[in-house]
Amino acid sequence: MATLEIRDLHVSVEADNATKEILKGVDLTVKQGETHAIMGPNGSGKSTLAYSLAGHPKYTITSGSVTLDGEDVLEMTVDERARAGLFLAMQYPVEIPGVSVSNFLRTSATAVRGEAPKLRTWVKEVKETMGRLQMDPAFAERNVNEGFSGGEKKRHEILQLELLRPKVAILDETDSGLDVDALRIVSEGVNRVRETGEVGTLLITHYTRILRYIKPDFVHVFANGRIAESGGAELADKLENEGYEAYVKGGASA
Ligand SMILES: Nc1ncnc2c1ncn2[C@@H]1O[C@H](COP(=O)(O)OP(=O)(O)O)[C@@H](O)[C@H]1O
Ligand SMILES: [Mg+2]
């Protein structure tokens, strides 16, 4: 079983000519087949963790380590991370003008699998997966993220997730901006991937509502750039009732 290990991760950004430390020692282990929820107040550094794992150049790792099956993820290029089996869905996905969803998916699948998927089975696979996510087939010819609504962006992410079958998937605010029906459809997609037992999922979210559809094995509370508490699904219920106040007191919660 593949394991993502994050050890004592410290990350800084340059802002206003000053270096600001945002992640202050994150420790987390995600194994294939496990579902972890990271929950925390706005500005606690959740997206910074996702960007750092994605290799975004703006985020400087000052110390600590990230490994996937013992391989140093921080040394890998963005492409190498994808090929190693990491999947990252960002809170604000970028537009790729001139590249259709259909081409993008096939190129990604080719990169991740190491060979181009056979055209006939691939077309069928994409069509069926889009159908389950209640996506219009015409969507495949649109340019990636160009003019996508919030819900379309998130469905597109889950479509990628289902087709690429990574070892570890990091989903940042997959629930934001979704109405109840879209939330259910997207959650069902995540659960289908989960049921394969082959994907470890790190579900980053501010709200507890997605956890009504996706039951995490572990819940971590993120505050002030690190994990403040870890527990089981019951911890999410506590957060639903009590909020994050107990965790941010005395800390700078921007
Ligand atoms: N690129 C950046 N430049 C400057 N500050 C940043 C940058 N990215 C994040 N930050 C700051 O780091 C803190 C954590 O942000 P973020 O990781 O987006 O939190 P969350 O996702 O938990 O809401 C915030 O104070 C935010 O302003
Ligand atoms: Mg965020």
Side-chain angles (χ1 to χ4, degrees), residues 4 6 8-28 30 35-64 66 73-74 78 81 86-95 145 148 150-151 153-154 156-158 161 168-178 182-183 186-187 190 201-211 214 216 218-231 235-236 238-240 242-254:
L4 178 74
I6 303 170
D8 196 27
L9 191 69
H10 290 252
V11 172
S12 297
V13 292
E14 290 296 321
D16 307 324
N17 291 320
T19 306
K20 184 177 167 200
E21 182 170 68
I22 298 174
L23 298 188
K24 299 167 182 168
V26 178
D27 284 294
L28 182 66
V30 180
T35 303
H36 294 247
I38 287 200
M39 313 202 52
N42 286 322
S44 56
K46 304 182 301 297
S47 291
T48 298
L49 176 63
Y51 280 123
S52 305
L53 297 173
H56 193 295
K58 187 104 196 157
Y59 299 84
T60 308
I61 317 286
T62 52
S63 65
V66 179
V73 169
L74 301 176
V78 174
R81 291 176 202 218
L86 264 186
F87 176 86
L88 297 127
M90 292 298 133
Q91 187 172 359
Y92 303 105
V94 294
E95 295 181 5
N145 287 321
F148 285 14
K153 282 182 185 164
K154 301 301 169 183
H156 178 235
E157 272 173 17
I158 303 307
L161 174 66
V168 176
I170 292 136
L171 307 175
D172 191 7
E173 305 271 351
T174 287
D175 48 343
S176 71
L178 296 181
L183 181 64
V186 158
S187 300
V190 173
T201 308
L202 189 57
L203 202 63
I204 300 176
T205 181
H206 175 75
Y207 298 103
T208 50
R209 62 173 199 160
I210 197 173
L211 305 182
I214 304 168
F218 305 94
V219 173
H220 310 277
V221 184
F222 211 78
N224 298 316
R226 60 163 72 93
I227 289 172
E229 189 176 347
S230 296
L235 185 50
K238 184 180 154 206
L239 293 169
E240 167 111 55
E242 298 171 17
Y244 296 117
E245 209 178 329
Y247 298 96
V248 295
K249 246 182 230 153
S253 65

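Read the numbers this way: they start at 1 and go in the same order the structure lists the ligands and their atoms.
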### Summary
Nearest non-hydrogen contact to atom 15 (O) of ligand 1 from the set L49, T48, N224 belongs to T48

### Query
Side chain of K154, backbone of E173: donor and acceptor closer than 3.5 Å?
yes

### Task
May I ask whether S44 places a heavy atom under 4.0 Å from ligand 1?
yes

### Query
Taking the side chain from K153 and the backbone from T174, do they hold a donor-acceptor pair closer than 3.5 Å?
no

### Message
With heavy-atom distances below 4.5 Å as the criterion, would you say the side chains of E240 and L211 are in contact?
### Response
no

### Query
Where the side chain of H220 meets the backbone of E229, is there a donor-acceptor pair that is under 3.5 Å apart?
no

#### Entry: I22 side chain near V11 side chain, heavy-atom distance below 4.5 Å
no

### Task
State which residues pass ring-ring contact (aromatic ring centres under 6.0 Å, His included) with F218; sequence neighbours excluded, sorted by chain then number.
H36

#### Entry: Contact with ligand 1 for F222, non-hydrogen, under 4.0 angstrom
no

#### Entry: Interfacing atoms of ligand 1 (cut-off 4.0 Å, heavy-atom, S47)
17 (O), 18 (O), 20 (P), 21 (O)

### Query
Quick check: does any side chain N or O of D8 sit under 3.5 Å from a backbone N or O of G25, one acting as donor and the other as acceptor?
no

### Query
Is there a heavy atom of G225 sitting under 4.0 angstrom from any atom of ligand 1?
no

### Query
Does K20 have a non-hydrogen atom less than 4.0 Å from ligand 1?
yes

#### Entry: Whether T205 side chain and Y207 backbone form a donor-acceptor pair below 3.5 Å
yes

### Task
Check whether any side-chain N or O of Y59 sits under 3.5 Å from a backbone N or O of A54 as a donor-acceptor pair, and report yes or no.
no

### Atom indices of ligand 1, in the order listed, that fall short of 4.0 Å to a heavy atom of A15
4 (C)

### Message
Nearest non-hydrogen contact with atom 13 (C) of ligand 1 belongs to which option: S12, A50, G43?
### Response
G43

## Note on the structure
Near N42 (heavy-atom distance under 4.0 Å), the atoms of ligand 1 are 23 (O)

### Message
With a 3.5 Å distance limit and no angle check, can you tell me whether T62 reaches the backbone of H10 through a side-chain donor-acceptor pair?
### Response
yes

### For P41, atoms of ligand 1 separated by under 4.0 Å from a heavy atom
22 (O)

### Query
So which bit of K58 gets within less than 4.0 Å of ligand 1, heavy atoms only: side chain, backbone, both or neither?
side chain

### Task
May I ask you to list the atoms of ligand 1 that are less than 4.0 angstrom from any heavy atom of I22?
6 (C), 9 (C), 10 (N), 11 (C), 12 (O), 13 (C), 14 (C)

### Task
Considering the heavy atoms of V13, write down every atom of ligand 1 situated less than 4.0 Å from one of them.
3 (N), 4 (C), 5 (N), 6 (C)

### Task
Check which protein N, O or S atoms are less than 2.8 Å from the Mg ion (ligand 2) and report how many there are.
2

### Task
Take I6 and V73 through the side chain to side chain contact (heavy atoms under 4.5 Å, CB included) test and state the conclusion after the steps.
CA-CA 10 Å; I6 303 170; V73 169; over 6 Å; no

#### Entry: Passing candidate, side chain to side chain contact (heavy atoms under 4.5 Å, CB included) with L28, options V66, I38, L4
I38

